[in-house]
Undergrad: 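Take a look at the following structure, please.
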Amino acid sequence: NPFRYIADFLHLVSFLILILKIRKTRNCLGLSFRTQEIYLAVFCVRYIDLFMYFVSVYNTSMKLLYISSTVFIIYLMKFKKPYCLSYDSASDDFPHYKFIYTGAAVLALLVHTDLAPFELGWSYSIWLEALAIIPQLHMLQKIKDVENITSNYVGALGVYRFFYIVSWIYKYSLTGDVCWTSLLGGIVQTILYADFLYYYIISLKSGKGMSL
Amino acid sequence: QYVKKMHDEL
């Protein structure tokens, strides 16, 4: 399934773009730490299966790469000088415990693959990922700083889930299997990214307007 | 069986 590999690759590229951008600008202005923290929670919850079964070398190495890239981004934003000095905690104030962690839990109780603990956790990670961009969206609307969030980053992250949807449709056409949790979560996620992209373009335009 | 299905996607 080529679409799925394109999606995985785009996801990986998005981490690299963000790391390179932070290092290049030597700051993390405009970036939401809360969004990155939620991504780490997503991967830690979903990839518990690393200890449960083996899929492939590709699968295991990608999971480890996703976790380590996110840990590295978090390290840069929170601890590594000078990058961490520019973290704007005052603007990164979306109540993520109240709305994202709890909201995803409610969604996972409503839409899930199974009631077994692992399946519930897996479904929770799908919903958590779908909502993860909200603190970044909130921050972008608040400060309209797009220096670090390049269009490549937004594009790679947004398009990655879209490619997964294409991959699920492709899979459905071949086998007739459909995972409603993944599909619904993926649709919500893609819609939120489209919204994010919309505000991103507006901020980009207004920023350029001021400099002209 | 505890693991009902194997999730091969990331």
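Note on naming: letters A, B, ... go to the chains in the order of the sequence lines (proteins, then strands), and numbering restarts at 1 for each one.
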Undergrad: Counting only heavy atoms closer than 4.5 Å, note whether A:Y5 contacts chain B via side chain, backbone, both or neither.
TA: neither

Undergrad: Please name the pair of heavy atoms, one in A:D93 and one in A:R34, separated by the smallest distance, quoted to 0.1 Å.
TA: C-NH1, 3.6 Å

Undergrad: CG/A:L197 to CG/A:L140 distance, rounded to the nearest 0.5 angstrom?
TA: 10.5 Å

Undergrad: For A:N59, which atoms come within 4.5 Å of any heavy atom of chain B: side chain, backbone, both, or neither?
TA: both

Undergrad: Side chain from CB out, backbone as N, CA, C, O: work out which of these in A:T113 comes under 4.5 Å of a heavy atom of chain B, or both, or neither.
TA: both

Undergrad: Would A:W127 and A:V106 satisfy side chain to side chain contact (heavy atoms under 4.5 Å, CB included), going step by step from the backbone distance to the final call?
TA: CA-CA 9 Å; A:W127 288 112; A:V106 172; over 6 Å; no

Undergrad: Please rank A:K63, A:R4, A:H11 by heavy-atom pairs under 4.5 Å with chain B and give me the top one.
TA: A:R4

Undergrad: Check each atom of A:F43 against the heavy atoms of chain B and say whether the ones under 4.5 Å are side chain, backbone, both or neither.
TA: neither

Undergrad: Below 6.0 angstrom between ring centroids: does that apply to A:F162 and A:Y193?
TA: no

Undergrad: I want to check something: taking the side chain as every heavy atom from C-beta on, are A:K21 and A:N152 in contact at a cut-off of under 4.5 Å?
TA: no

